[in-house]
Amino acid sequence: MPLIAIVLAAGVAAPTDAYLDQSRARWEQFSKQIWGYAETGLHEEKSAKAFEDLLEKEGFTVTKGVAGMPTAFVATAGKGEPVVAILAEYDALPGLSQKAGEPKKDPEKEGAPGHGCGHNLLGTAALAAGVAANRARIEQKLPGREHIQPTARIHRTIKNGGLVPNVIPDYAKIQVWLRDQTGAAVQEMLERMRKAAEGAALGTETRAKVTVLASGRDPINNEVIGRTMQKHLDRIGAPKFDEKDQEFAKAVQKEVGAEPSGLSTEIVPFGPNHGGTASSDLGEVSAAKPLAELNVVTRPMGTAAHTWGQTACAIHPLGLKGMDVASKVLGATAVDFLQNPKLVSDAKAEFARATKGKPYQSPLAMDAKPAVY
């Protein structure tokens, strides 16, 4: 038997396969929806709107009424080369109405249109493929990328925009926070912001200056330290919440519209890497020295930090119980490293591998001063 047959039988899955498997029910339902509309060519008003609405929700830019045809559209995502297009048809044919599930000719409505060409299938397949390919393009940063990734966040405020509307100010200032999952992605956004500032200055015949006031990077979590902390967290256990703590937690959850499930009492097993999404200066520390992060419950499940609910919990006994566990874990971990030189050397060796031996460099200018803003 030729070996090539074995290789072909074990083909590698495409990056779109998993998403299309997971979302199969969505596309089957959409196909049934288009089948039910059964609109003939150039009259596919409901069908076209369904396609357009879904594509817009997926981040595509939709141009409607293309070439003077009300139900024709073009949906695009990304920019640059190459340009890959998928053609979708969604029209039915006159006089081919048929009841669903009937194996013999049985019109749902005599003389009405029906999808005799199966364009509800063809069109939906094209739609699903386009959505899946675009998601893969974003995830893998393939050519034809958005200006920024969906994971990015741009927060901004005008610090100085002038005094009155009819007087052009001689100085204006805007402060922007750029956030994304990795430091490299943030740096890319920063370069785009510099270009945007330069473009605005060119268009208004003014000068632009971009000053980086602060920076935080994605953390490098040290597994040696993390596993040592996990050992003590497993030993000490979760905070011992009583009924009053749970009642208070459920009251907060009810107030903010979260499920009243109370406080978590389970220890999460150790997992490598950083599991949170918050921006923190611990990322900068982790680039200079070995670091790991400990999280202990101090607020109800389904509620968020940076809200009044966390403030209320931070003075409640439930918050103090979480603090007690954290202090015990951190204290015991510190003693372990003081007593065991091998733990220290192992943590340092892991850190050297993670940073490739490159010393920490601040992203700020050499003459930068601490800024209060």
Side-chain angles (χ1 to χ4, degrees), residues 179 181-183 214-242 245-246 248-249 261-307 309-363 370:
R179 302 177 65 206
Q181 289 183 320
T182 67
S215 177
R217 66 182 68 201
D218 40 319
I220 305 171
N221 273 265
N222 190 280
E223 189 167 331
V224 173
I225 302 176
R227 287 191 179 280
T228 305
M229 287 198 298
Q230 183 75 37
K231 176 187 70 174
H232 290 296
L233 181 60
D234 291 338
R235 175 181 60 82
I236 295 167
K240 304 299 188 294
F241 299 123
D242 59 25
D245 298 329
Q246 295 289 2
F248 181 84
S261 52
L263 295 153
S264 174
T265 57
E266 297 180 358
I267 298 294
V268 177
F270 177 80
N273 300 323
H274 181 60
T277 58
S279 298
S280 169
D281 51 10
L282 68 83
E284 293 295 310
V285 177
S286 74
K289 297 293 180 182
L291 175 142
E293 187 176 7
L294 171 69
N295 287 291
V296 179
V297 59
T298 60
R299 67 172 183 270
M301 292 182 285
T303 61
H306 300 185
T307 66
Q310 176 67 87
T311 305
C313 293
I315 194 63
H316 192 274
L318 72 87
L320 301 177
K321 290 176 181 178
M323 180 186 72
D324 180 58
V325 169
S327 63
K328 289 179 180 177
V329 172
L330 293 173
T333 301
V335 171
D336 275 0
F337 278 87
L338 290 172
Q339 292 177 336
N340 192 339
K342 187 177 185 306
L343 274 180
V344 176
S345 61
D346 287 349
K348 287 183 176 180
E350 182 187 336
F351 176 75
R353 291 192 299 269
T355 59
K356 297 180 173 59
K358 296 179 181 178
Y360 168 74
Q361 289 185 330
S362 172

D324 and K321, any side-chain heavy atoms less than 4.5 Å apart: no
Heavy-atom neighbours of K328 NZ exceed 12 at 6.0 Å: no
H232 side, atom NE2; T333 side, atom OG1 - distance, nearest 0.5 Å: 4.5 Å
Closest heavy-atom pair and its distance - A347, I225: CB-CG1, 4.2 Å
V224 to E350 - nearest heavy-atom pair and separation: N-OE1, 3.0 Å
Nearest atoms (heavy-atom pairs only) where Q246 meets F241: NE2-CB, 4.2 Å
L338 atom CG, neighbour heavy-atom count above 12 within 6.0 Å: yes
Euclidean distance, F337 CZ relative to K342 NZ, rounded to 0.5 Å: 11.0 Å
Contact check, side chains of F248 and P300, non-hydrogen atoms, under 4.5 Å: no
CG-OG distance between L294 and S327, expressed to the nearest 0.5 angstrom: 10.0 Å
Separation between NZ of K348 and CG of N222, rounded to the nearest 0.5 Å: 11.5 Å
Contact summary for P239 and V296, nearest pair of heavy atoms: CG-CG1, 4.0 Å
Check: R299 and T307 side chains under 4.5 Å, non-hydrogen atoms: no
Gap between atom OG1 of T355 and atom NZ of K289 - 0.5 Å precision: 10.5 Å
Non-hydrogen atoms of V325 and G237 that approach each other most closely: CG1-O, 3.6 Å
Residue pair E284 / Y360, side-chain heavy-atom distance below 4.5 Å: yes
Flag, side chain of E223 to backbone of A292, donor-acceptor distance under 3.5 Å: no
From CG (N340) to OG1 (T228), nearest 0.5 Å: 8.5 Å
Side chain to side chain, T298 and C313, heavy atoms closer than 4.5 Å: no
D234 side chain to K231 backbone, donor-acceptor under 3.5 Å: no
Check: E293 main-chain N/O paired with N221 side-chain donor or acceptor under 3.5 Å: yes
Closest contact, heavy atoms only, Q310 versus H306: CB-N, 4.5 Å
